Chemist: 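One structure follows; several queries about it will come next.
We name chains A, B, ... by the order of the sequence lines, and we start the count at 1 in each one. Bear in mind that the values here come from a model prediction, so they are computed numbers and not experimental data. Atoms considered below: every heavy atom in the structure, side chains included; atoms not considered: hydrogens, waters and symmetry mates.
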Amino acid sequence: MVVGLDAAPTSLDPRTASDASSALILGLVHRGLTGTGASGEPEPDLAASWESPDPTTYRFFLTPAVFQSGEPVTAADVVATYRSLALPALQARQDDALEVVGEVVAEDERTVRFTLRQPSAAFLHATRLAILPQGCAAQSDCRTGAGPFRLARIGLDSVELAAAPSAEPRPEVPGILFVVSPDSVSRALGLARGSIDLVQNAVEPDLLPWLREAGLEVVATPGSTFHYLGINLRRADLADDRVRRAIAHAIDRDAIIEYVLAGHARPANELFPPGHWAHADVRAHDYDPERARRLLAEARPGPIHVTLKTSTVELRRRVGEVIASMLAAVGIDAEIRPLEWATLYGDVRRGAFDVFALAWVGIEEPDHYHALLHSSMTPPRGSNRGQYAEARIDALTLAGRTVPGRGERAAIYREVAEIVQRDLPFVPLWWVDNVVVKNRDLLGFEPSPSGDLRSLARARWAVQRGPEAS
Amino acid sequence: MTPETAPATNATARPYPRRRSWRLVAGACALLALVATALLAPVLAPYDPLRQDLAHHLEPPSRLHPLGTDRLGRDVLSRLLFGARLSLVVGAAAVTGALALGLLLGTVAGYGGRTSDELVMRVTDVLLAFPGILLAIALAAVLGPSARNVVIALTVMGWPAYARLTRAEVRAAATRESTRAAEALGATPLRVALRHLLPSARPALVVQATFGVAGAIVAEASLSFLGLGPPPPTPSWGAMLAEGRSFLLVAPHLVIAPAAALGVTVLAIQLLGDALRAGRSSAA
Amino acid sequence: MLRYLTFRLALAIPTLAGVLILVALLLHLVPGDPIDVMLGEGASGADREQLRVAAGLDRPPWRQLVDFSLGVAQGDLGRSIVGGQPVGELLRERYPATLELAGAALLVAVAIALPLGALAALRPGALADRLSLGLAAVQTALPTFCLGPLLVLAFAVELPWFPVAGRRGPSSVVLPALTLGLGMSAVLARQLRTALIAALKLDCVRTARAKGVAPGRVFLRHALPNAATATLTVLGLQLGGLLAGAIVTETIFSWPGLGRLLIQAIGARDYPLVQGCVLAVAVTYVLVNLATDLLQAAIDPRLRERA
């Protein structure tokens with residue numbers, strides 16, 4: 001089975017991988033203590049269950065599982081993995097929430113105890129970190145995991161996975177070949193020819209009908225990737241919340257979703273989509289150009305000129321052009337600046353922007369609001385790039401980290417979402433669906449809301465394929 | 001074509017062959033038509049090239065839109081007409097700059113003695129081995145994206161080619177009898193260069209330049225995509241090509257239109273260039 | 001001859017130095033920090049500093065360049081910031097692919113341009129001439145990023161003769177080489193035609209014809225060498241451009257060459273890797289130049305006295 005990627009993975013060690021391609025591959029090779037469920041809540045993976053006798057102690061009980069090397073997964077491996085994050089040679093990218101971990105101890109073969117320096121509601125989500133065998137964890141490039149597939153061969157532009165004999169249950173396909181195909185037209189042609197069997201979220205929406213005609217199947221499920229407009233609140237005219245509300249009312253999101261995204265997105269008014277436990281269902285800023293013009297007239301007399309910075313990805317530029325034209329229709333003169341990624345990212349972090357269009361991928365834990373909105377979390381510390389400062393938000397995001405109960409946390413983050421709706425430090429746009437284009441003969445694959453490919457472990461071919469095709 | 005053969009053949013000069021004049025006329029007419037349409041774009045274009053109509057995107061050619069609509073529902077014909085302005089100007093400016101600079105430095109290198117030759121050659125080597133993409137990114141980041149920066153980038157990256165061509169031809173021409181004779185007779189280096197060296201470089205340079213114009217227009221496409229170049233939604237043929245190719249499989253008209261325009265331009269310039277090159281010689 | 005070679009190779013050093021300095025200058029001028037790009041959000045300040053030191057980014061830019069150059073002199077090209085692999089290893093993996101594509105594309109270009117250009121020159125205004133003109137127009141109007149998918153659609157999807165992308169097996173180089181080579185052949189054919197037309201009018205050629213020398217011999221021994229100068233220069237230029245300039249073709253066909261590596265490295269601001277790639281390209285370019293100059297001197301004895 002061949003899966004097409006749009007970019008090469010940057011790392012095959014789960015502790016240092018941060019890009020989408022690496023995540024897709026490593027999701028099949030590794031398992032963590034917990035995984036992420038459909039509603040965004042942690043669910044058991046290598047840990048069959050856990051308990052938290054007090055807010056700073058967590059105890060995990062491991063299921064019987066085996067690494068691809070044949071060794072059983074023990075508590076010692078868990079300890080070694082978490083300790084290895086501090087290895088200087090490794091340069092690990094760890095979840096912020098793991099900073100509060102004070103001590104990790106193996107209580108017995110199957111039990112691990114974490115002691116936190118302070119209570120952290122976000123900690124549990126961070127335990128999806130992949131568990132590595134002890135000896136391997138001490139190295140700076142560990143590739144052995146406990147997942148259903150093992151890394152078999154690494155090529156220049158491909159990564160081959162083979163079904164791990166230790167996996168329980170054994171995958172039905174003998175292996176998966178991930179190939180890097182950086183050009184979107186080339187990927188579509190590869191799908192049409194049959195040299196690629198599956199591509200996720202990397203096909204132009206307008207090519208989907210052509211691909212259907214070529215005999216492929218398109219499966220779309222609601223996703224959580226959140227697209228938004230970031231706004232620089234330091235700019236005089238953008239600091240006025242009437243202007244920001246005008247921006248929100250000027251954008252016809254339904255039209256963009258229908259005509260530019262081929263219907264594969266849902267309008268968003270907050271960070272988390274329906275179905276996620278932290279979804280707050282706040283009121284939308286409807287498409288209302290008249291209202292936008294009125295708000296602008298109230299706020300200031302003259303025309304407003306802003307630059308809208310986007311990445312150079314074709315789809316993003318196009319969306320940016322449409323948004324700019326919609327803003328122009330209400331009197332905001334927006335100039336699009338597509339920028340190469342490193343330049344864009346650098347500008348965004350430095351605050352050298354008026355408005356930018358970006359997305360958050362794979363955010364499941366509402367503690368992210370802290371990094372996003374807390375007044376102290378401006379870059380380089382955090383992601384509050386617009387320099388938003390609101391005392392109530394500061395208090396709420398801090399409270400949300402320590403309050404343990406799910407219900408109480410949901411209430412806290414509901415209030416956060418409502419303040420965001422009122423203040424619009426960023427303008428929410430939509431959540432894109434996960435769109436998978438696949439070979440009709442590939443059965444048993446179900447897209448997951450978080451965008452991983454784990455169900456490939458249960459996929460199988462409709463027609464028995466010969467030994468030369470995997 | 002070279003001076004020493006001119007006397008031998010002028011005596012048997014034939015009447016101006018009809019074939020050559022056909023090229024000159026065709027090329028010149030086509031080019032004039034292109035320039036005219038570019039200038040008259042506001043009058044000729046049926047729609048505002050920036051006007052989006054999302055509901056009617058990627059439509060094939062029809063009565064309403066003779067060349068169809070693009071990804072955002074904009075009229076392709078209008079964008080083509082307006083795009084001519086930017087593309088032709090960028091193409092001409094980039095090539096003119098590169099040609100002028102390259103001609104000058106190439107002659108100096110080929111005729112000016114060992115040190116200047118090595119110096120110029122090292123500089124061209126450095127520029128030719130250098131990844132132009134980086135220069136483009138740097139210019140965009142530091143000076144901001146615009147058409148002017150495209151011209152700067154293309155000029156800087158383009159002149160070494162012309163310099164090398166000039167140098168090669170000038171070196172060969174410098175060893176010819178007629179050149180030596182002129183030098184011996186006391187002609188100034190400038191005169192020697194203008195009358196004996198440069199004419200032999202002309203054919204190669206003309207060919208290079210004709211492709212250079214088209215190349216510049218297409219290079220602008222790649223540069224636009226990197227963020228350098230007139231930012232969207234300003235239409236240009238290069239940008240239309242780059243944008244349209246993503247939809248090659250479902251809307252080929254998006255590529256065919258600018259490609260055809262580009263092809264006609266290249267053809268016109270080639271014909272004109274051919275005629276100019278052949279103009280001073282006595283046989284086609 | 002040997003003296004000339006050593007002299008030219010010695011001259012290559014300032015060229016390479018010039019390129020490296022220019023690249024370093026621009027890379028550091030451009031906004032964007034490799035650690036930032038690599039980490040994204042979420043890494044604490046301490047992690048960032050640690051990584052910066054580990055990558056040697058705490059040194060001033062000129063110092064980084066000097067250290068890199070010293071390393072090169074000892075054969076060590078440093079390590080990529082993003083993956084940590086030795087740059088030399090990354091280059092070694094990709095260089096053969098670039099050479100293969102460049103060589104194949106050159107073959108295609110010459111195979112098309114030589115006969116076409118020659119025929120066009122021998123019979124100006126006839127079919128071959130018009131064909132070369134038409135080809136030139138079509139080729140330049142259809143850049144590689146359009147031509148590539150068209151060829152793939154025709155010969156890999158509709159007629160499944162070749163693979164869509166990737167470098168696996170000898171047949172996988174055909175479509176990429178065609179895409180690149182066709183574009184090159186247009187300019188080459190026109191240059192050759194023009195140069196030949198001029199060469200055919202030279203005294204020595206007329207004399208040879210008048211003496212009754214066979215036309216083929218006239219062409220090969222008298223006309224072609226005189227036309228070689230400009231044509232070889234153009235060929236040399238195109239070859240140089242092929243090395244890093246095949247970026248678009250490499251991207252479309254997932255060809256694991258230096259061009260793609262370079263562009264990815266620039267995008268990631270991976271300084272050592274960018275410098276390594278540029279060095280590899282520059283060295284090849286210098287060698288190609290040398291070869292072109294030598295070939296020109298071999299064909300045209302008059303050029304030798306300047307050497």
Chemist: Can you name the closest pair of heavy atoms from Ala342(A) and Gly267(C) and give their distance?
Modeler: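 Scanning both residues completely, I find the closest heavy atoms to be CB-O, 3.3 Å.
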
Chemist: As an exercise, state the distance from CG of Leu156(A) to OG of Ser254(C), rounded to the nearest 0.5 Å.
Modeler: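 The distance works out to 11.5 Å.
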
Chemist: If you apply the rule salt bridge (charged side-chain N to carboxylate O under 4.0 Å, His left out), what do you find for Asp157(A) with Arg260(C), and how did you get there?
Modeler: CA-CA 11 Å; Asp157(A) 273 326; Arg260(C) 259 183 63 207; 3.1 Å; yes

Chemist: Only pairs of heavy atoms separated by less than 4.5 Å count here; which of Ser181(A), Pro182(A), Ser11(A) has the most with chain C?
Modeler: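 If we count pairs closer than 4.5 Å to chain C, Pro182(A) comes out on top.
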
Chemist: So what's closer than 4.5 Å to chain C heavy atoms on Val180(A): side chain, backbone, both or neither?
Modeler: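 Looking at Val180(A), backbone and side chain both touch chain C.
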
Chemist: Salt bridge (charged side-chain N to carboxylate O under 4.0 Å, His left out): which pairs involve residues 143-167 of chain C, sequence neighbours left out?
Modeler: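 Pairs touching residues 143-167 of chain C that pass the test: Glu100(C)-Arg167(C).
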
Chemist: Flag yes if more than 12 heavy atoms outside Arg153(A) fall under 6.0 Å of its CZ atom; otherwise flag no.
Modeler: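 It does not: Arg153(A) CZ has 12 such atoms or fewer within range.
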
Chemist: Check each atom of Leu90(C) against the heavy atoms of chain A and say whether the ones under 4.5 Å are side chain, backbone, both or neither.
Modeler: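 Interface part for Leu90(C): neither.
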
Chemist: Counting C-beta onward and ignoring hydrogens, is there a side-chain heavy-atom pair between Pro149(C) and Ser186(A) closer than 4.5 Å?
Modeler: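 Pro149(C) does not reach Ser186(A) side chain to side chain.
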
Chemist: Who pairs with Arg168(C) by side-chain hydrogen bond (donor to acceptor under 3.5 Å, both in side chains), at least two apart in sequence or on another chain?
Modeler: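 For Arg168(C) there are no side-chain hydrogen bond (donor to acceptor under 3.5 Å, both in side chains) partners, ignoring immediate neighbours.
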
Chemist: Among Ala165(C), Pro160(C), Gly148(C), Pro34(C), which residue forms the greatest number of heavy-atom pairs with chain A at distances under 4.5 Å?
Modeler: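 Among the listed options, the one with the most contacts to chain A is Pro160(C).
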
Chemist: Looking only at non-hydrogen atoms, find the nearest pair between Glu340(A) and Ile266(C) and report the distance.
Modeler: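 The pair with the smallest heavy-atom distance is OE2-O, 4.2 Å.
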
Chemist: Is there side-chain contact between Leu153(C) and Leu189(A), with at least one heavy-atom pair below 4.5 Å?
Modeler: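 Counting from C-beta outward, Leu153(C) and Leu189(A) do come under 4.5 Å.
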
Chemist: For Arg117(A), does the CZ atom sit with more than 12 other heavy atoms under 6.0 Å from it, leaving out its own atoms?
Modeler: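 Buried by this count: over 12 neighbours within 6.0 Å.
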
Chemist: Can you tell which part of Pro163(C) gets under 4.5 Å to a heavy atom of chain A, answering side chain, backbone, both or neither?
Modeler: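 Only the backbone of Pro163(C) comes within 4.5 Å of chain A.
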
